Colleague: 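Below is one structure. I have some questions about it.
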Amino acid sequence: MIDSKLLRQSPADVKANLARRGFTFDAAAYAVLEEQRKTLQVDTESLRNERNSSARQIGKAKSQGEDVAPLLVAVKDLGDRLDASEARLQSIQAELHTIELDLPNLMHDDVPEGNSEEDNRELRRWGDVPEFDFKAVDHVDLGAGLGLLDFDAASRISGSRFTVMHGPLARLQRALIQFMLDVHTIEHGYQEVYVPYLVQEQALFGTSQLPKFEEDLFKTSGDTPYYLIPTAEVPLTNLVREQILDADSLPRRYVAHTPCFRSEAGSYGKDTRGMIRQHQFEKVELVQMVAPADSNDALEALTGHAEQILQRLGLAYRVVILCAGDLGFGSSKTYDLEVWLPGQNNYREISSCSCCTDFQARRMQARWRNPESGRPELLHTLNGSALAAGRALVAVMENYQDKDGNIRIPDVLVPYMNGLEVISKKV
RNA sequence: GGAGAGAUGGCUGAGUGGUCGAAAGCGCUCCCCUGCUAAGGGAGUAAGGGCUAAUACCCCUUCGAGGGUUCGAAUCCCUCUCUCUCCGCCA
């Protein structure tokens, strides 16, 4: 959420910032509601004050054995007036809250103009795009050729957008995950966390998947439904929900490997081939909680941590900064890492690293005690994939293929493959 | 699944209708005292919100959550959630 004080005091600035995303903030309508809220709240609170002091008086009189009947008459209709006032206040506050939950985060000044993916700006490239002296194929053909990737079985079991992997290929994904977790915990200072994969709606409100993006989520039935996490960002970020952290415990750096579940509603016909876009995929996620002054640097560092994985895997990639129109709802600034996929002859997103400033922290009431003010203040939260394991697997398969359809194991993963150096067809 | 106990401030823990945001202790902060240390004395120490230029006053809300009774609820009633203990079951 955006600071409601800012919405009141500088509605024009907010409107202009959000307009760059293509979001229309009706500042005038908000101001009208806000004016009503102010009057109502002041009235309601003064009525409550009146009630409290009368109640005190009555108590006092009673204890002194005085007749309280006249006092009771005096407050007779106070309760009704208060009830009415409270009800109106509550409804107007709910209206304001609904509007506020709907507003995306304010953008960092660095975010370039633009309406769509096309307008994202490339910042840098790393690595050489591999050149093959044979016709490179995509991971689907590679997997089928090796007999280790089985979309038919997956669709018989679960329908479209699921995968079954066998043997060394299944292990290769596990190796990637293991490798990433090791690098982040041992070298980058992240604490490994095991988290729930089913969460309640309040957690999703905190990270801002709800209320706006319910259709992207899988939800269980029942009185208090659970949602399957679309990313470990949800449970990891909510670790600090309603907490006040000591300044010396910052920055917090958490990493978790989890499966992720996305309904992919609205992506019909998109990436239907292969395992680029699945209902279920594995991901290693980084989350940081930092003091506000540190969040810009933290985003650069976090992005670097994700890049480190690609570099060690020897995968060519580029870094793009998302333009205003493509930026995620809760993010103030996002870098995407796009890995080269020979099968698509293109760069494809494999990581997305975002700084959410205090947007999620405000929804979660996640704070730290600022030693300078002595007061609890909102944290800044960041998250990034490092990496999406399913897509990393695709990238390794396609970039490390040979003319016979075998897959060489990147050096850093060999120890995680029990020494296996090549995944080859059974002879 | 059965039986029972409980949920109060950073922690322990009192409080069964009235000035209780809440005793006491611990912890923490500051001050005093004291060659140093230890001990001792004093003061302060929740969060959210409103108003406001203000992190100054003042006011409102919050004792697991949500309802109810009442002029007034931490305290009484109802519903729910969670935690703990014992038994059973299970990975």
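Worth saying up front: this structure is predicted, and the values here are computed from it rather than measured. Just so it is clear: chains get the letters A, B, ... in the order the sequence lines come, proteins before strands, and each one is counted from 1.
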Colleague: Can you tell me how far P of U70(B) sits from CG of L71(A), to the nearest Å?
Modeller: 19 Å
Colleague: Distance check, P atoms only: A7(B) and A74(B), in whole angstrom units.
Modeller: 16 Å
Colleague: Using a strict heavy-atom distance below 4.0 Å, which residues from residues 366-379 of chain A are in contact with RNA chain B?
Modeller: R367(A), R369(A), R375(A), P376(A)
Colleague: Taking the basic N atoms (NZ, or NE/NH1/NH2) and the acidic carboxylate oxygens, is any pair closer than 4.0 Å for E86(A) and R48(A)?
Modeller: yes
Colleague: What contact category does Q365(A) fall into here, base, sugar-phosphate, or nothing, at under 4.0 angstrom with non-hydrogen atoms?
Modeller: sugar-phosphate
Colleague: Step by step, would you call K38(A) with E35(A) a salt bridge (Lys or Arg N to Asp or Glu O under 4.0 Å)?
Modeller: CA-CA 5 Å; K38(A) 185 168 172 168; E35(A) 201 48 48; 5.5 Å; no
Colleague: Q243(A) CD to G9(B) P: how many Å, rounded?
Modeller: 13 Å
Colleague: Go through it in stages, so that I can follow the logic: the residues are M417(A) and L172(A), the test is side chain to side chain contact (heavy atoms under 4.5 Å, CB included), and I'd like the CA-CA distance, side-chain angles, deciding distance and then a yes or no.
Modeller: CA-CA 7 Å; M417(A) 294 296 287; L172(A) 182 55; 4.1 Å; yes
Colleague: Can you tell me, in whole Å, how much space there is between the P of G9(B) and that of G64(B)?
Modeller: 8 Å
Colleague: Flag the pair D43(A) and R88(A) as a salt bridge only when some basic side-chain nitrogen lies within less than 4.0 angstrom of an acidic carboxylate oxygen.
Modeller: no
Colleague: Do the side chains of R121(A) and D326(A) get close enough for a salt bridge, i.e. N-O under 4.0 angstrom?
Modeller: no
Colleague: Please report, rounded to the nearest Å, how far the C1' atom of G9(B) is from the CD atom of E242(A).
Modeller: 16 Å
Colleague: I need the minimum non-hydrogen distance between Q209(A) and T231(A), along with the two atoms involved.
Modeller: NE2-CG2, 4.3 Å
Colleague: If you assign Q9(A) and K62(A) each to the RNA chain B nucleotide with the nearest heavy atom, which residue ends up on the more 5' nucleotide?
Modeller: K62(A)
Colleague: C1' atom, G50(B) versus U55(B): distance in rounded Å?
Modeller: 16 Å
Colleague: Provide, to the nearest angstrom, the distance between the CZ atom belonging to R362(A) and the P atom belonging to A47(B).
Modeller: 18 Å
Colleague: Excluding sequence neighbours, so at least two apart, what forms side-chain hydrogen bond (donor to acceptor under 3.5 Å, both in side chains) with Q202(A)?
Modeller: none
Colleague: N/O contacts under 3.5 Å, protein versus nucleotides 77-81 of chain B?
Modeller:
none

Colleague: Could you tell me how far apart L72(A) (CG) and G72(B) (P) are, to the nearest whole angstrom?
Modeller: 10 Å
Colleague: For the pair made of CE in M1(A) and P in G48(B), what is the distance, rounded to whole Å?
Modeller: 14 Å
Colleague: Suppose you measure atom P in C59(B) against the same atom in A22(B); what distance do you get, rounded to whole Å?
Modeller: 13 Å
Colleague: Roughly how far apart, to the nearest Å, are U8(B) and U83(B) at atom P?
Modeller: 14 Å
Colleague: For a stem of at least 3 consecutive Watson-Crick or G-U pairs with distances under 3.5 Å, i pairing with j, i+1 with j-1 and so on, which stems involve RNA chain B?
Modeller: B:1-7 with B:81-87, B:10-12 with B:24-26, B:27-32 with B:40-45, B:46-50 with B:58-62, B:64-68 with B:76-80
Colleague: Using the C1' atom as the reference point in each nucleotide, state the distance between G13(B) and U70(B) in Å, no decimals.
Modeller: 29 Å
Colleague: Mind checking the P distance from C11(B) to A23(B)? Whole angstroms is fine.
Modeller: 16 Å
Colleague: In Å and rounded to the nearest 0.5 Å, what is the NZ to CD1 distance from K283(A) to I350(A)?
Modeller: 12.0 Å
Colleague: Suppose the criterion is side chain to side chain donor-acceptor pair (under 3.5 Å): which pairs have a residue in residues 148-168 of chain A, not counting sequence neighbours?
Modeller: T163(A)-Q278(A)
Colleague: Taking atom P in both G66(B) and A73(B), compute the distance separating them and give it to the nearest angstrom.
Modeller: 15 Å
Colleague: Starting from P on C59(B), measure out to CG on D43(A) and report it in whole angstrom.
Modeller: 18 Å
Colleague: Hey, are E421(A) and R408(A) close enough for a salt bridge, meaning a charged N less than 4.0 Å from a carboxylate O?
Modeller: no
Colleague: Taking atom CD1 of I99(A) and atom CE of M1(A), what is their separation to the nearest 0.5 Å?
Modeller: 13.0 Å
Colleague: What's the closest nucleotide to the side chain of A55(A) if the choices are G50(B), G72(B), A47(B)?
Modeller: G72(B)
Colleague: One pair to check against side chain to side chain contact (heavy atoms under 4.5 Å, CB included): H139(A) and I276(A). What are the steps and the verdict?
Modeller: CA-CA 10 Å; H139(A) 67 284; I276(A) 290 290; 4.3 Å; yes
Colleague: Atom pairs under 3.5 Å, N or O on each side, protein against nucleotides 60-63 of chain B: can you list them with distances?
Modeller:
| unit_1 | atom_1 | unit_2 | atom_2 | d |
| --- | --- | --- | --- | --- |
| C60(B) | OP1 | N49(A) | OD1 | 3.0 |
| C60(B) | OP1 | N52(A) | ND2 | 3.4 |
| C60(B) | O3' | R48(A) | NE | 3.4 |
| C60(B) | O2' | R48(A) | NE | 3.0 |
| C60(B) | O2' | R48(A) | NH2 | 3.0 |
| U61(B) | OP1 | R51(A) | NH2 | 3.0 |
| U61(B) | OP2 | N52(A) | ND2 | 3.3 |

Colleague: Checking side chain to side chain contact (heavy atoms under 4.5 Å, CB included) for the pair D138(A)/E398(A): CA distance, chi angles, key distance, verdict?
Modeller: CA-CA 6 Å; D138(A) 76 357; E398(A) 295 189 2; 3.4 Å; yes
Colleague: Could you check whether R8(A) gets within reach of a base, just the sugar-phosphate, or nothing at all, counting any heavy atom under 4.0 Å?
Modeller: sugar-phosphate
Colleague: Should K38(A) be listed as having a side-chain N or O under 4.0 Å from OP1 or OP2 of U52(B)?
Modeller: yes
Colleague: For the side chain of K60(A), starting at C-beta, report the closest nucleotide among G50(B), G18(B), U19(B).
Modeller: U19(B)
Colleague: Please determine whether a side-chain nitrogen of the Lys or Arg among K219(A) and E214(A) lies less than 4.0 Å from a carboxylate oxygen of the Asp or Glu.
Modeller: yes
Colleague: Centre-to-centre under 6.0 Å for F329(A) and F359(A), is that the case here?
Modeller: yes
Colleague: For the pair made of CZ in R37(A) and C1' in G50(B), what is the distance, rounded to whole Å?
Modeller: 7 Å
Colleague: May I have the step-by-step check of side chain to side chain contact (heavy atoms under 4.5 Å, CB included) for L239(A) and Y254(A), ending in yes or no?
Modeller: CA-CA 10 Å; L239(A) 285 174; Y254(A) 296 118; 3.8 Å; yes
